[in-house]
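Order of the sequence lines fixes the chain letters, A, B, ..., with proteins taken first and strands second; residue numbering starts at 1 for each chain. The analysis underlying the following values was restricted to heavy atoms, covering all of them including side chains, and did not include hydrogens, waters or symmetry mates.
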There are 2 protein chains.
Amino acid sequence: MNDLFFKLTASYLKALSHPTRLKIINILKEKELCVCVILEKLDLEQSNVSQHLRVLKEQNIVESRRDGSKIMYKVKDRNVFFILNKINDSLLKQLSETQDQLKKGGL
Amino acid sequence: MNDLFFKLTASYLKALSHPTRLKIINILKEKELCVCVILEKLDLEQSNVSQHLRVLKEQNIVESRRDGSKIMYKVKDRNVFFILNKINDSLLKQLSETQDQLKKGGL
DNA sequence: TTATGATATTAGAAAATTCTAATATACTTA
DNA sequence: TAAGTATATTAGAATTTTCTAATATCATAA
């Protein structure tokens, strides 16, 4: 396990670690969509969304192609859904543990 | 899928997205260790390591207990290893795709 | 060939993260 | 109880990320 490996892994994780980027991945879960449709679903500045898309693309998490005047994006690395599901598991487990502790505490 | 869920997921990912924190998780993979031993393996400032440990603890990824004058840390959320392995897969896949493209290109 | 629509890029301000250095806390031993 | 050891916390500087606003690019339609 060398430094480069940890750096690359951290970069990948960093690309995922923003609510807007997670939303984008979720929006693209089922199908390829143009930026215009992604924009409609996000209520954010166009340039901001474009920047977030770039971050995801730089990590090869999504990919894009031109279709006429539109740019179509889709999830390239479907592993992300696996990863996000696992995190979901962790968060739910934490939640139930917190609830258990509250019960123990008597309140 | 609401905003809070994406925020929580992003926070979890952010806690993981630093090389030092990934190293710490790796160091703690097999066993519980005191901060002093973690420090030995990292060659970083004590306060810096302490701060990284706190970030991991805040996300319930690691947990700690006092043992005399030492504080022992261990990985609480073993899901992380699953997540990190998946990311490892993604990175290796990307690497082999890059190699394929270089071959195609003729060089 | 000009105007328009879709998207990307850039510049810079604002916010968040990270690091270092200093100090505080808590346990142990003399 | 004083000194030493282990770890946490704090303050502030440095760096990185994020956002907004403006501008650039490129394909299409007129």
Problem - Any Ser69(B) side-chain N or O less than 4.0 Å from OP1/OP2 of dT28(C) - result: no
Completion exercise
Whole-Å distance, Asp67(B) CG to dT7(D) C1', equals 14 Å
Problem - Atom-pair distance (CG on Leu53(B); P on dA8(D)), nearest Å - result: 7 Å
Exercise for the section: Return the value, rounded to whole Å, for the distance between atom CD1 of Ile71(A) and atom P of dT28(D). Expected result: 11 Å
Please report, to 0.1 Å, the donor-acceptor pairs under 3.5 Å made by any side chain of residues 61-73 of chain A, with sequence neighbours excluded.
residue  : atom : partner  : partner atom : Å
Ser64(A) : OG   : Lys57(A) : NZ           : 2.8
Arg65(A) : NE   : Glu32(A) : OE2          : 2.8
Arg65(A) : NH2  : Glu32(A) : OE1          : 3.0
Arg66(A) : NH1  : Gly68(A) : O            : 3.1

Handout entry: Distance below 4.0 Å between Arg54(B) side-chain N/O and dT9(D) OP1 or OP2
Key = yes
Practice task
Kindly say if Tyr73(A) contacts the phosphate of dA8(C), meaning a side-chain N or O under 4.0 Å from OP1 or OP2.
Solution key: yes
Handout entry: Sequence neighbours excluded, every pair satisfying ring-ring contact (aromatic ring centres under 6.0 Å, His included) that has a member inside residues 1-47 of chain B
Key = His18(B)-His52(B)
Problem - Euclidean distance, atom NZ of residue Lys70(B) to atom C1' of dT25(C) [Å, nearest integer] - result: 18 Å
Exercise for the section: Measure from CG on Leu16(B) to C1' on dT18(C) and round the result to the nearest Å. Expected result: 17 Å
Exercise for the section: To the nearest Å, give me how far apart CG (Leu56(A)) and C1' (dT7(C)) are. Expected result: 16 Å
Practice task
Sugar-phosphate atoms are those with a prime plus P, OP1 and OP2; base atoms are the rest. Using that split, label each nucleotide of nucleotides 18-26 of chain D B, S or - for protein heavy atoms under 4.0 Å, 5' to 3'.
Solution key: SBBBB---S
Practice task
Would you please name every residue forming a side-chain hydrogen bond (donor to acceptor under 3.5 Å, both in side chains) with Lys76(B), sequence neighbours left out?
Solution key: Asn60(B)
Practice task
List in chain and number order the residues that pass salt bridge (charged side-chain N to carboxylate O under 4.0 Å, His left out) with Glu58(A), two or more places apart in sequence or in another chain; answer none if no residue qualifies.
Solution key: none
Exercise for the section: Could you note down all residue pairs passing salt bridge (Lys or Arg N to Asp or Glu O under 4.0 Å) where residues 5-26 of chain A supplies at least one of them, sequence neighbours left out? Expected result: Lys23(A)-Asp3(B)
Practice task
Could you check how far CZ of Arg65(A) sits from P of dA27(D), rounded to whole Å?
Solution key: 15 Å
Completion exercise
Minimal heavy-atom distance between Val80(B) and Val75(B), with the atoms involved, is CG2-CG1, 4.0 Å
